[in-house]
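Following: one structure in structure tokens, then a few remarks.
Chain letters run A, B, ... following the sequence lines, proteins first and then strands; every chain starts at 1.
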2 protein chains.
Amino acid sequence: MDLKDYLKKKGLKLTKQREKIITHFLNKDKHFSAEELYNAMKKRMPGVGYATVYRTLNLLVRAGLATKISFGENITRFEPLHRNEHHDHMVCIGCGKIVEFKHPKIERLQKEVARRYNFYTQSHALELYGYCKKCRKKNISKEKK
Amino acid sequence: MDLKDYLKKKGLKLTKQREKIITHFLNKDKHFSAEELYNAMKKRMPGVGYATVYRTLNLLVRAGLATKISFGENITRFEPLHRNEHHDHMVCIGCGKIVEFKHPKIERLQKEVARRYNFYTQSHALELYGYCKKCRKKNISKEKK
DNA sequence: ATTTAATTGAAAATGAAAATCAATATCAAC
DNA sequence: GTTGATATTGATTTTCATTTTCAATTAAAT
């Protein structure tokens, strides 16, 4: 875990709260909102503060172990960042389901564009918004009524 | 302008405020935050309310003439949507500059992925975050010090 | 063990976006 | 053009996610 390196470098401390929050966050490979993560942690550590969850999440972002993503809702979500690996998202605006996908070819083309503009890419986000198969069907039947 | 069609269909009215706000928004082809647009409108129409700007912007989204985008800051931006045409963004995390680019090949590959997942795409967002040429240089010289 | 500085939880503060409401404006029907 | 039903407006308040503050606590280096 290069979190410890980061903490030491910055003169920060590894507390019980941070340890537990981070472990939970990195293991469940999901897109937590601060609230969701807070609720999950409360069970394991009654007494944790909301602010601590926020602070820890932001710490992870600063350490390069997570990113903020948005998905059109107006809350921030946090996603664990496993170095090198990257995936994009399909967000169903019907049911909220999020499907991840990888597409190396798209990634390659992105790099190509960046190069063309002399742009030094550090991260990127690609989201497709639409309807999943299920919700698509629901919509069609609704229109008929 | 198919805004009028939309309004009629929905039984909504075209007010002076809406007209001016929308004209301004659609003409300046930028990424307005509600605040920026509000400030711009205040000059032309002293007395406009903040809320009206928000409402109009959301109306445009509902009408399919604009989309919300995020760019990592935690405010919502709005972007005019010219049918069919689409572009993506490169956001400089140094100076905030936003460069638009088009890449039909990437668009095509996105459609392909969606089809593979039985996903019916309605819109999408692709953002590259990094440093523009200028900021890149600045960072390098900073590191040396 | 002592010291120093970072961290915590609780509560208050901030700020963007949405909701409320009385007054006003739009527009279709006459 | 007048009328009337209804949508819209501006001002204000409310909501809700996120951040900040601060006194008490804790990690970790000496």
Give every donor-acceptor pair under 3.5 Å between a side-chain atom in residues 38-47 of chain B and any protein atom, sequence neighbours left out.
residue	atom	partner	partner atom	Å
B:Asn39	ND2	B:Glu35	O	3.3
B:Arg44	NE	B:Ala40	O	3.3

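Listed here is the closest heavy atom pair of A:Ala34 and A:Leu57: CA-CD2, 4.1 Å. Between A:Cys132 and A:Cys92 the shortest heavy-atom distance is N-SG, 3.4 Å. When all heavy atoms of A:Leu26 and A:Pro80 are compared, the pair lying nearest together is CD2-CB, 4.0 Å.
The shortest side-chain heavy-atom distance between A:Leu14 and A:Lys4 falls under the 4.5 Å cut-off. Counting heavy atoms from C-beta on, the side chains of B:Glu79 and B:Glu100 come closer than 4.5 Å.
Scanning residues 37-54 of chain A for heavy-atom distances under 4.0 Å to DNA chain D yields A:Ala51, A:Tyr54.
The outermost nucleotides of DNA chain D lying under 4.0 Å from heavy atoms of chain A, listed 5' to 3', are D:dA17 to D:dA28.
In terms of the side-chain contact (heavy atoms from CB on, under 4.5 Å) criterion, residue partners of A:Ile93 (sequence neighbours excluded) are, by chain and number, A:Tyr129, A:Tyr131, B:Gln122. Listed by chain and number, the residues in a side-chain contact (heavy atoms from CB on, under 4.5 Å) with B:Ala51 are B:Arg55 (sequence neighbours excluded). When the salt bridge (Lys or Arg N to Asp or Glu O under 4.0 Å) test is applied to A:Lys20, no partner is found at least two apart in sequence or on another chain. Residues forming a side-chain contact (heavy atoms from CB on, under 4.5 Å) with A:Leu81 (at least two apart in sequence, or on another chain): A:Thr67.
Two end axes, each from the C1' atoms of five base pairs, can be drawn for the helix from C:dA1-D:dT30 to C:dC30-D:dG1; they diverge by 40°, to 10 degrees.
DNA chain C is contacted by both B:Lys16 and B:Glu35; B:Glu35 maps to the nucleotide lying nearer its 5′ end (nearest heavy atom per residue).
Applying the ring-ring contact (aromatic ring centres under 6.0 Å, His included) test to residues at least two apart or on different chains, the pairs with a partner in residues 107-127 of chain B are B:His86-B:His124. Every pair passing salt bridge (charged side-chain N to carboxylate O under 4.0 Å, His left out) that includes a residue from residues 61-75 of chain A is listed here, sequence neighbours excluded: A:Glu73-A:Arg77.
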Open item on the list: Working note: B:Leu60 + B:Ile22, criterion side-chain contact (heavy atoms from CB on, under 4.5 Å); need CA distance, chi angles, decisive distance, verdict.
Closed with: CA-CA 8 Å; B:Leu60 284 174; B:Ile22 290 173; 4.0 Å; yes

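Using a distance-only test at 3.5 Å, with no hydrogens or angles considered, no donor-acceptor pair links the side chain of A:Thr52 to the main chain of A:Val48.
Taking atom CG on B:Leu7 and atom C1' on C:dA25, their separation rounds to 15 Å, with Å as the unit. In this structure, B:Lys68 atom NZ and C:dA17 atom P are separated by 8 Å, rounded to whole Å. With rounding to whole Å, A:Arg55 atom CZ is found 6 Å from C:dT8 atom C1'. Between the CZ atom of B:Phe78 and the P atom of C:dA16 there is a distance of 13 Å, given to the nearest Å. For the pair A:Lys10 NZ and C:dT7 P, the interatomic distance rounds to 12 Å; values are reported in whole Å. Regarding B:Phe32, its CZ atom lies at a distance of 17 Å from the P atom of C:dA16, rounded to whole Å.
Aromatic ring pairs are classed by plane angle as parallel below 30°, tilted from 30° to 60° and perpendicular above 60°; the pair B:His89 and B:His31 is perpendicular.
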Could you go through nucleotides 1-3 of chain C and list every protein N or O atom that sits under 3.5 Å from one of its N or O atoms, giving the distance for each pair?
none

For nucleotides 27-30 of chain C, which of its nitrogen or oxygen atoms have a protein nitrogen or oxygen under 3.5 Å away, and what is each distance?
residue	atom	partner	partner atom	Å
C:dC27	OP1	B:Leu14	N	3.2

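For C:dA18, the OP1/OP2 oxygens have a side-chain nitrogen or oxygen of B:Asn58 closer than 4.0 Å. Taking side-chain N and O atoms only, A:Arg18 has a distance below 4.0 Å to OP1 or OP2 of C:dT7.
Contact annotation for A:Ser33: no contact, since no heavy-atom pair falls under 4.0 Å across all strands.
Side-chain atoms of B:Glu107 and B:His87 include no donor-acceptor pair closer than 3.5 Å.
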